[in-house]
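Down below is the structure, laid out as structure tokens.
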Amino acid sequence: MKTEIFINVASQESRIAILENDRLVEILVERSDSERMVGDMYHGKVTAVLPGMQAAFVDIGLEKSAFLHVSDLPGSPGSMVELDEETLEEIDYRTNSRGQPVFPIEEVLKKNQDIIVQIKKEPIGTKGPRVTGVPSIAGRFMVLVPGGDKIGVSRKITNWGEKRRLKDLGRRIKPDGVGVIVRTEADGKGEREFSRDLKELVTMWRRIEKDAKKTGAPALLHKEMAMTSSMIRDLFTDEVERVVVDSKQEYKKILHYLKGVSPHLRDKVEYYSDRRPIFDAHGIEDEIQKAAQRQAWLKGGGYLVIDHTEALVAIDVNSGRYVGRKNQEETVLRTNLEAAKEVARQIRLRDMGGIIVIDFIDMMLPQNRRRVEEEFRQALRRDRSRPRTSEISEFGLMEMTRQRVRPSLMFTYSEPCPHCTGTGRVVSKETTLSDIERWLKRSRAASIERRLTVMVNPVLSEYLLENRKERLKRMRKSTRVWLNVESDSGIQADDYKIYSRKRKQDITKEFKS
């Protein structure tokens, strides 16, 4: 798999494009007015504990309070940090089937309690950020988990001998009171690289602890690396063929960082100095524009329709122009197999999260549904966001969930339409004309005035004066009002304003329902 990374740095925006086999699969965007928050640590104050939800709200100084669930607290099943025996003796808890303690949130958190939390999910829509009470700090080769004691090794390291060596190495060099997760990049590394990485992480955590004692809540204790730096730390491995950056300053920063942790990768970093924009030169800008559209075309002539709703993302597979050469079932199978790969790419590219429902074209044979499932799961293997998929139902539907960490690309590059307010549709012209006619009848019933002017959007004005002259005559006759029609581009397509020619003022509100 050929992997390349292109970095575009502008005054107000930085963008990172990840290409696999010359196809864009991920686009990361960070703007000066909306920096990424995942990984930031705060000294927060608990404002509410909700036993019914087994959750708490924490004030961390942002516009909306952060949400903290009991599963994100030390001692919860699966946590790297366990509660000590003294604490367990003081709280009322039970054990699950594995013998792990399960405790109610009200036993460990109280209102107005101070707590160090870390953002794990950015604010999305009307929801505030989600935080964890088990903070961690990522380095190049390991992740430090303060308060823990366990040693974990990345699942991507599959050699059991290497896993054992890395576990033993981590256990030997780590200080008491911290846990460690060994990252994939540590494969084959020795004690020298480990010790240097661990020393920096422990020093950083000691500073955070010290700042928390000195500063009152709420306060920011630690800011995660900027997007470019964290990408180099997390994604730039031996598998990446090259990194191309169009900023001299960022180019030097990357080289300086790699000098200390992975000097052999420095030769893969290139500075782009051409006058033509870097994303234009490599066809990335066109792909980003396509990613903002509702439709995504397949090479075989089919296409996807992608719709975002409040609860989920719906992806519909259509055969389009593809008619195939043999029977219908084979045509459908080929379209679905191609769609499976493209859906996986679009999910990564648009950074879609939460519940996703894919409506494949109906297949009669169960073995064909299994083939499409396998193709889709294979295409998702390089996704870093831990997706989970169901089987394809007899109706052609596949459900999946994907970790949502930040707003998707659609929310980054667009905002709700002021006319349709997010529905994707506006009131029809005929409906608006009927509304105007009802207004006129209310006005006539009150015997107010007979000489009025209606101001409408130019599109509706042209529609009425060019295509609906008879409709206008009937409106005048039935209401006994001499109505003039004028256009105003400042009025929305489904709205109108009515003026009294006698009083020379807007009287729309007087008879609007």
Side-chain angles (χ1 to χ4, degrees), residues 1-40 119 121-124 138 223-237 239-258 265 268-294 296 306 308 344-353 382-385 402-415:
M1 176 72 71
K2 174 187 173 185
T3 304
E4 299 171 294
I5 298 174
F6 295 88
I7 304 172
N8 167 232
V9 180
S11 58
Q12 298 296 316
E13 180 182 73
S14 295
R15 298 183 297 173
I16 297 174
I18 301 175
L19 276 66
E20 291 177 358
N21 292 338
D22 299 320
R23 295 207 75 192
L24 181 66
V25 294
E26 286 187 50
I27 179 73
L28 310 175
V29 182
E30 184 174 62
R31 290 172 175 156
S32 56
D33 60 345
S34 57
E35 292 183 348
R36 296 192 162 209
M37 301 169 64
V38 173
D40 293 354
I119 293 181
K121 185 176 177 182
E122 293 183 1
I124 299 175
K223 184 72 182 170
E224 178 60 297
M225 282 183 173
M227 182 180 67
T228 302
S229 300
S230 63
M231 184 278 303
I232 294 297
R233 180 194 67 196
D234 299 339
L235 302 182
F236 190 17
T237 65
E239 294 180 2
V240 177
E241 191 166 293
R242 61 172 178 159
V243 171
V244 187
V245 56
D246 64 358
S247 164
K248 194 76 171 181
Q249 183 179 359
E250 287 296 331
Y251 172 72
K252 290 179 179 178
K253 282 173 63 177
I254 293 170
L255 291 181
H256 177 74
Y257 174 75
L258 291 174
L265 293 177
K268 293 187 175 185
V269 184
E270 302 175 14
Y271 171 59
Y272 182 85
S273 58
D274 289 1
R275 298 182 65 179
R276 189 183 179 194
I278 185 172
F279 277 20
D280 288 353
H282 295 89
I284 298 169
E285 206 69 66
D286 290 341
E287 288 297 314
I288 294 174
Q289 295 299 320
K290 290 177 184 177
Q293 297 173 5
R294 184 170 174 250
I306 303 169
H308 294 254
R345 185 178 84 96
Q346 291 292 331
I347 286 172
R348 291 178 64 191
L349 176 58
R350 300 177 189 230
D351 200 11
M352 293 182 267
R382 296 186 65 84
D383 193 337
R384 296 180 289 120
S385 293
R402 185 173 183 267
Q403 186 181 23
R404 196 205 311 260
V405 175
R406 57 186 62 87
S408 69
L409 195 68
M410 184 192 77
F411 289 98
T412 301
Y413 277 99
S414 66
E415 57 187 30

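Every value quoted in this text rests on a predicted model; they were computed, and no experiment measured them. Both backbone and side-chain heavy atoms feed into the values below; hydrogens, waters and symmetry mates do not.
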Of all the heavy-atom pairs spanning [X] and [Y], show the shortest one and how long it is.
{"X": "Ile27", "Y": "Leu349", "value": "CG2-O, 3.6 Å"}
{"X": "Gln346", "Y": "Ala296", "value": "NE2-CB, 3.8 Å"}
{"X": "Arg402", "Y": "Ser385", "value": "NH2-OG, 3.4 Å"}
{"X": "Leu265", "Y": "Thr237", "value": "CD2-O, 4.0 Å"}
{"X": "Met37", "Y": "Pro123", "value": "SD-CD, 3.8 Å"}

Yes or no on side chain to side chain contact (heavy atoms under 4.5 Å, CB included) for Met352 and Ile306, after CA distance, side-chain angles and deciding distance?
-> CA-CA 10 Å; Met352 293 182 267; Ile306 303 169; 4.0 Å; yes
For residues 250-257, which side-chain N or O atoms pair as donor and acceptor with protein atoms under 3.5 Å away, sequence neighbours left out?
none

By side-chain hydrogen bond (donor to acceptor under 3.5 Å, both in side chains), which residues pair with Arg31, not counting sequence neighbours?
->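 With neighbours one apart ignored, the set is Glu13.
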Donor-acceptor pair, Asn21 side chain versus Met1 backbone, under 3.5 Å?
->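 A pair under 3.5 Å: no.
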Side chain proximity check, Lys2 to Asp22, heavy atoms < 4.5 angstrom |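 The answer is yes, as the side chains (C-beta and beyond) meet within the 4.5 Å cut-off.
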Does a side-chain heavy-atom distance below 4.5 Å link Ile7 with Met231?
->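 Counting from C-beta outward, Ile7 and Met231 do come under 4.5 Å.
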Steps toward side chain to side chain contact (heavy atoms under 4.5 Å, CB included) verdict (Arg348, Val25) | CA-CA 6 Å; Arg348 291 178 64 191; Val25 294; 3.7 Å; yes
Reference residue Glu4; test salt bridge (Lys or Arg N to Asp or Glu O under 4.0 Å); the match among Arg242, Arg23, Lys268 |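 Of all the options given, the one that passes is Arg242.
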Approximate separation, where rounding is to 0.5 Å, of [X] [atom1] and [Y] [atom2]:
{"X": "Arg294", "Y": "His308", "atom1": "CZ", "atom2": "NE2", "answer": "11.0 Å"}
{"X": "Ser247", "Y": "Tyr272", "atom1": "OG", "atom2": "OH", "answer": "14.0 Å"}
{"X": "Ser230", "Y": "Leu235", "atom1": "OG", "atom2": "CG", "answer": "8.0 Å"}
{"X": "Thr228", "Y": "Glu30", "atom1": "OG1", "atom2": "CD", "answer": "7.0 Å"}

Pairing of Glu26 and Arg382 as salt bridge, 4.0 angstrom limit |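 So Glu26 does not pair with Arg382 through a salt bridge.
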Sequence neighbours left out, cut at 3.5 Å: what donor-acceptor pairs do the side chains of residues 278-293 make with other protein atoms?
unit_1	atom_1	unit_2	atom_2	d
His282	ND1	Ile278	O	3.1
Glu285	OE1	Arg15	NH2	3.0
Glu285	OE2	Arg15	NH1	2.9

Can Glu241 and Thr3 be said to form a side chain to side chain contact (heavy atoms under 4.5 Å, CB included), step by step?
-> CA-CA 6 Å; Glu241 191 166 293; Thr3 304; 5.9 Å; no
